> 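Supplied in structure tokens, the structure appears directly below.
Because the structure is predicted, anything quoted here is derived from the model rather than measured. Both ligands and their constituent atoms are indexed starting at 1 by order of listing.
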Amino acid sequence: MALPVITYTAGRLKVLDQTRLPGTAEMVELGDLDSVVHAIKTLMVRGAPLIGVTAAYGVCVALLPLTESAQARERAPRVLARLGASRPTAVNLFWALERMERVVASLPERGWREALEEEAVAIHRETKAQDAALAAHGMELLTQGARVITHCNTGPLATGGQGTALGVLIEANRTLGGLHVYVDETRPRWQGAQLTTWELANHQVPHTLMVDAAAATLMRQGNIHSVWVGADRIAANGDTANKIGTYALALAARHHGVPFHVVAPTSTVDLELDDGAGIPIEERDAEEVAAPRGLALAPQGTVVWNPAFDVTPADLIDAIVTELGVFRGPRFDLRSALAG
Ligand code: MRU
């Protein structure tokens, strides 16, 4: 990829504007808190881990211009609240903000700016390292020449590293060879059509785009090795929130005996939730469905329901791949697995 997904140098945060891909690949500077919040809300940056990384740098963008640490400490709660209200489902956002909050709580008088920046950079660095481990562990579940299905976008664009589920597939194609990836277009925001195909092409991975509704038929025709998705929040029992359409894909996979794999760093696991019932699901504007990109598809005034995510019950998941290794279903106890 010619451009990085996110950069932070000398207090300046720049992100690749994902809403303009694949046609235009342009880095945009996010110079204040409003522009960081706007970028997260409008999906200029998106994908659970990248939202966390962006928010951590966003805290720096908002606080570093202040003149002393006492001011930063006083301003921080409002900054953290604004960023925390930008999108509700991906728990990585709250995980990253909690880490920044802990640094704010013990901010030194001298070197306070460096302390904030170091934590944000550490969050980004750890995210990249986790991605590398996800790819290594996920490969255990693939074979040369596998034909797989994926949903939404889970590549480098979604993390600022090498990606989650798509990172596994890109690495498997590079080392094992011969993969073929079937890409759900991923309505209503088209992350599969716009972003995943672009990333697969950039990494020379053979792929085919299809409408979301074609996945079950493809599985019935046989010869699909496995399904690979990311996650926005995973409860302690393995119930997994991910892009809307993931649950239907998992149901079809189970019906056809196709293994269904979730790939996510442990920063996506929410151990405060016993199961998926408590995961907040973002509902987005009606326009995304009724008039995408200004193209009026439905009569004006049509009532729309537009949940951005759904929850796949753990018993439909065959494996959850984390940076710590592969946890296999049908039952998951992530509290015990991640203890210590
Ligand atoms: O609404 P988005 O584009 O932020 O949704 C992204 C997804 O659902 C991804 O599949 C998910 O974040 C997991 S992979 C990084």
Side-chain angles (χ1 to χ4, degrees), residues 5-6 15-21 39-55 86-96 124 127-128 130-132 134-135 138 149-170 181 183-199 212 227-234 240-250 260-270 276 279-285 288-289 292 306-312 317 320-323:
V5 173
I6 186 165
V15 299
L16 183 61
D17 180 354
Q18 301 190 24
T19 61
R20 304 188 67 198
L21 292 172
I40 297 174
K41 280 188 174 186
T42 58
L43 309 196
M44 272 171 73
V45 286
R46 26 73 46 208
L50 183 64
I51 291 171
V53 171
T54 307
S86 57
R87 291 193 78 190
T89 303
V91 78
N92 309 61
L93 170 65
F94 306 98
W95 168 84
H124 192 184
T127 301
K128 288 182 185 171
Q130 286 164 345
D131 283 3
L134 293 175
I149 297 175
T150 193
H151 190 68
C152 195
N153 172 264
T154 61
L157 289 168
T159 69
Q162 63 189 84
T164 60
L166 204 65
V168 172
L169 301 178
I170 291 169
V181 182
V183 181
D184 275 357
E185 61 179 357
T186 315
R187 291 191 176 198
R189 289 295 297 244
W190 321 99
Q191 288 93 333
Q194 273 188 271
L195 309 177
T196 302
T197 53
W198 187 71
E199 293 195 306
D212 300 355
V227 176
W228 293 79
V229 299
D232 289 82
R233 194 183 297 226
I234 304 175
T240 293
N242 192 50
K243 181 53 56 193
I244 189 76
T246 304
Y247 174 37
L249 197 57
F260 186 89
H261 303 317
V262 171
V263 185
T266 51
S267 52
T268 304
V269 178
D270 184 350
I279 299 178
I281 299 296
E282 176 181 13
E283 290 193 22
R284 295 185 61 88
D285 282 354
E288 287 188 349
V289 178
N306 184 18
F309 301 94
D310 57 27
V311 177
T312 298
I317 299 170
I320 298 177
V321 180
T322 74
E323 75 276 15

> Output the list of atoms in ligand 1 that are nearer than 4.0 Å to some heavy atom of Gln191, sorted by atom number.
1 (O), 2 (P), 3 (O)

> Looking at Asp212 and Arg187, is there a salt bridge between them, counting it only when a charged N and a carboxylate O are closer than 4.0 Å?
no

> Got a second to check how far Ile279's CD1 is from Asn242's CG, nearest 0.5 Å?
10.5 Å

> Taking both backbone and side-chain atoms of Thr154, is any N or O found less than 3.5 Å from an N or O belonging to ligand 1?
no

> Just which atoms of ligand 1 are under 4.0 Å from any heavy atom in Gly230?
13 (C), 14 (S)

> State, without any angle test, whether Thr89 and Asp232 hold a side-chain donor-acceptor pair at a distance under 3.5 Å.
no

> So, Asp17 and Thr19: side-chain donor and acceptor under 3.5 Å apart, yes or no?
yes

> Could you check atom 12 (O) of ligand 1 against the protein and tell me its nearest heavy-atom contact, residue, atom and distance included?
Ala48 N, 2.8 Å

> Which protein heavy atom lies closest to atom 9 (C) of ligand 1, and at what distance to 0.1 Å?
Asn242 OD1, 3.6 Å

> Identify the heavy atoms of Val183 and Gly192 that sit nearest to each other, and give their distance.
CG1-O, 3.5 Å

> Is the contact between Ala231 and ligand 1 made by the side chain, the backbone, both, or neither, using heavy atoms and a 4.0 Å cut-off?
backbone

> Less than 3.5 Å between some nitrogen or oxygen of Gly47 and one of ligand 1, yes or no?
yes

> State whether the number of non-hydrogen atoms from other residues, nucleotides or ligands found under 6.0 Å of Phe94 atom CZ is greater than 12.
yes

> Heavy-atom contacts under 4.0 Å between Asn153 and ligand 1: side chain, backbone, both, or neither?
backbone

> Of all the atoms in ligand 1, which lie at a distance below 4.0 Å from a heavy atom belonging to Arg87?
1 (O), 2 (P), 4 (O)

> Which ligand 1 atoms are under 4.0 Å away from a heavy-atom of Pro49?
15 (C)

> Among all the protein's non-hydrogen atoms, which is closest to atom 8 (O) of ligand 1, and how far away is it?
Asp232 OD1, 2.8 Å

> Short question: side chain of Lys41, backbone of Arg87 - any donor-acceptor pair under 3.5 Å?
no

> Measure the spacing between CG of Asn153 and CZ of Arg189 and express it to the nearest 0.5 Å.
13.0 Å

> Look at atom 5 (O) of ligand 1 and say which protein heavy atom is nearest, naming residue and atom and giving the distance to 0.1 Å.
Lys243 CE, 3.3 Å

> We want to know whether Arg46 and Gln18 form a side-chain donor-acceptor pair, criterion being a heavy-atom distance below 3.5 angstrom.
yes

> Measure the distance from atom 14 (S) of ligand 1 to every protein heavy atom, then report the residue, atom name and distance (to 0.1 Å) of the closest one.
Thr164 OG1, 3.3 Å

